Amino acid sequence: MSNPSRRAFVMCVVAGTPVFGASQVAAQAAAVSETDPQAVALGFKNDTTKVDKAKFPKHEVSQVCGGCALYQAKPTDAVGPCALFAMKTVPAKGWCSSWVKKG
Ligand code: SF4
């Protein structure tokens with residue numbers, strides 16, 4: 001845990017300081033980087049319109065993280081944790097090849 005702001009956040013939580021709501025907690029979590037090896041392997045993009053159509057011909061721009069079963073936030077939240085990426089955050093308008101329609 002080398003991120004100083006994350007450490008400060010955790011210390012506030014441990015101290016019982018009510019500083020953040022649920023969506024703010026998501027905003028404090030580490031974001032998935034498009035260059036992370038797992039993200040590269042899954043073709044993850046922060047913006048679904050930037051997905052490589054040649055590599056992922058079945059991709060549709062209507063498929064976004066906010067509509068994915070693995071997105072751990074409300075579809076209307078701009079950012080939320082993804083269960084596939086160890087709860088790191090992804091933008092609601094993002095996409096990866098493991099996209100599964102929320103039921
Ligand atoms: Fe987005 Fe779903 Fe892929 Fe996670 S698994 S990055 S929520 S499309």
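Here the structure is a predicted model, which is why all the values come from computation and not from measurement. Read the numbers this way: they start at 1 and go in the same order the structure lists the ligands and their atoms.
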Is the backbone of Q38 close enough, under 3.5 Å, to the side chain of D36 for a donor and an acceptor to pair up by distance?
no
Should K45 and D52 count as an ion pair when the cut-off is N to O under 4.0 Å?
no
Identify the heavy atoms of T48 and W95 that sit nearest to each other, and give their distance.
OG1-CB, 3.6 Å
What heavy-atom pair brings L42 and F85 nearest, and what distance separates the two atoms?
CD1-CZ, 3.8 Å
Here the atoms of ligand 1 under 4.0 Å from any heavy atom belonging to W99 are 8 (S)
Identify the two heavy atoms, one from E34 and one from A39, that lie closest to each other, and give their separation to 0.1 Å.
O-CB, 3.9 Å
for atom 3 (Fe) of ligand 1, nearest protein heavy atom and its distance come out as C96 SG, 2.3 Å
In terms of residue, atom name and distance, what is the protein heavy atom nearest to atom 6 (S) of ligand 1?
F85 CE1, 3.6 Å
If you have a sec, work out which protein heavy atom is nearest atom 4 (Fe) of ligand 1 and how many Å separate them, to one decimal?
C82 SG, 2.3 Å
Would a distance-only check, ignoring hydrogens and angles, find a side-chain to backbone donor-acceptor pair under 3.5 Å from Q72 to T89?
no
Any N/O/S atom from C65 (main chain or side chain) under 2.8 Å of atom 1 (Fe) of ligand 1?
yes
Please list the nearest protein heavy atom to atom 2 (Fe) of ligand 1 with its residue and the distance rounded to 0.1 Å.
C68 SG, 2.3 Å
Among all protein non-hydrogen atoms, which one is nearest to atom 5 (S) of ligand 1, and what is the separation to 0.1 Å?
L70 CD1, 3.5 Å
